[in-house]
Amino acid sequence: MDKEAVKAAVTRHSEAVLKTAFLYMKNTSDAEDVAQDVFLELLKTKKEFNSEEHLKAWLIRVAINKSKDILKSSWRSKRSEMPENPISPPLQKEDIVLEAMFRLEDKYRICREYEKKSVKV
C-alpha cells in the first residue's frame with residue numbers, strides 16, 4: 001500500500017484501532033504501540049481491499065491479533081508495570097464505561113458494538 005493511502009487510513013481509522021487495542025491492553029501506551037504496529041503492517045502489506053469497511057475490518061483484526069500476541073509474550077510477563085499517568089485528568093463518561101467493560105469477561109466485550117453506539121449516562 002502506498003504512503004498516501006496509509007496516511008488516509010491512519011486519519012480515518014486510528015481511533016477505532018486505538019480503542020480496540022486499548023480494550024485488550026488496558027493501558028494507553030501499550031495500545032498506542034499496538035496501533036503503530038498495525039499501521040506499519042498496513043504499510044508493508046500487498047493486500048488489496050475491496051472497500052473502506054474491508055480495510056477497517058482488517059485493521060481491527062490485526063489490532064486484536066497483535067494485542068493478543070503481546071499479552072501472551074514472555075517479555076510482557078517479565079517487565080515491571082509503570083504508572084499510567086501520575087496526574088490523571090478527571091474521569092469522563094466514556095472512561096467510566098470503559099472501566100465497566102474491563103470488568104466484563106472477554107466474551108462479553110464487543111468492540112464493534114461499543115464503537116458504533118453512543119453511550120448515554
Side-chain angles (χ1 to χ4, degrees):
M1 193 166 224
D2 68 353
K3 289 181 182 181
E4 291 304 314
V6 172
K7 276 185 182 179
V10 168
T11 302
R12 285 191 302 273
H13 303 298
S14 60
E15 186 176 343
V17 170
L18 193 57
K19 283 181 180 180
T20 301
F22 188 76
L23 284 172
Y24 283 86
M25 304 309 294
K26 299 179 178 66
N27 168 321
T28 303
S29 59
D30 286 344
E32 288 170 346
D33 289 345
V34 168
Q36 181 177 351
D37 288 346
V38 168
F39 289 109
L40 284 173
E41 189 74 26
L42 178 62
L43 188 60
K44 291 190 269 183
T45 191
K46 304 272 190 242
K47 187 170 181 61
E48 293 290 325
F49 298 100
N50 301 332
S51 66
E52 198 62 31
E53 285 298 312
H54 182 210
L55 171 62
K56 186 176 181 180
W58 185 87
L59 290 169
I60 288 172
R61 176 47 47 197
V62 172
I64 291 169
N65 290 343
K66 288 193 175 290
S67 296
K68 286 181 176 181
D69 288 346
I70 290 171
L71 290 172
K72 66 184 176 186
S73 74
S74 62
W75 169 84
R76 183 167 173 86
S77 63
K78 293 176 183 171
R79 75 177 189 161
S80 61
E81 292 293 325
M82 301 253 327
E84 182 70 22
N85 184 356
I87 303 171
S88 298
L91 288 178
Q92 302 290 325
K93 291 178 185 176
E94 190 172 284
D95 296 329
I96 294 167
V97 172
L98 281 174
E99 284 182 10
M101 287 178 69
F102 290 143
R103 288 191 294 268
L104 294 173
E105 293 179 38
D106 284 343
K107 64 183 177 182
Y108 297 116
R109 287 189 221 157
I110 303 172
C111 301
R112 302 266 306 159
E113 293 304 312
Y114 170 73
E115 177 183 21
K116 289 180 182 177
K117 296 181 181 175
S118 63
V119 178
K120 295 182 181 176
V121 179

For L59 and F39, what are the C-alpha separation, side-chain angles and deciding distance, and is it a side chain to side chain contact (heavy atoms under 4.5 Å, CB included)? CA-CA 8 Å; L59 290 169; F39 289 109; 4.0 Å; yes

Is [Y] reachable from [X] through a run of hydrophobic residues whose side-chain heavy atoms are each under 4.5 Å from the next?
X: L40; Y: L55; value: no
X: M25; Y: V17; value: yes
X: L42; Y: V38; value: yes

Under 3.5 Å donor-acceptor, S73 side chain and I70 backbone: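 Checked: pair present.
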
Minimal non-hydrogen separation, [X] against [Y], with atom names:
X: L18; Y: A35; answer: CD1-CB, 4.1 Å
X: A63; Y: V34; answer: O-CG1, 3.7 Å
X: A31; Y: A21; answer: O-CB, 3.7 Å

From N27 atom CG to F22 atom CZ, the distance as rounded to the nearest 0.5 Å: 7.5 Å

Starting at OG of S14, measure out to CD of E32 and round the result to the nearest 0.5 Å. 10.5 Å

Only counting residues at least two apart or in another chain, list the ones meeting ring pair (Phe, Tyr, Trp, His ring centres under 6.0 Å) with F49.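 Listed in chain order: H54, W58.
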
Any salt bridge (charged side-chain N to carboxylate O under 4.0 Å, His left out) involving residues 61-71? Give me the pairs, sequence neighbours left out, ordered by first then second residue. E41-K66, D69-K72

Report the C-alpha distance between V62 and N65 in whole Å, list the side-chain angles of each, state the deciding distance to 0.1 Å, and finish with yes or no for side chain to side chain contact (heavy atoms under 4.5 Å, CB included). CA-CA 5 Å; V62 172; N65 290 343; 5.7 Å; no

Please tabulate, one pair per line, all N/O donor-acceptor pairs under 3.5 Å involving side-chain atoms of residues 2-13, not counting sequence neighbours.
{"unit_1": "D2", "atom_1": "OD1", "unit_2": "A5", "atom_2": "N", "d": "3.0"}
{"unit_1": "T11", "atom_1": "OG1", "unit_2": "K7", "atom_2": "O", "d": "3.0"}
{"unit_1": "R12", "atom_1": "NE", "unit_2": "E52", "atom_2": "OE2", "d": "2.7"}
{"unit_1": "R12", "atom_1": "NH2", "unit_2": "E52", "atom_2": "OE1", "d": "3.3"}
{"unit_1": "R12", "atom_1": "NH2", "unit_2": "E52", "atom_2": "OE2", "d": "3.0"}
{"unit_1": "H13", "atom_1": "NE2", "unit_2": "E52", "atom_2": "OE2", "d": "2.6"}

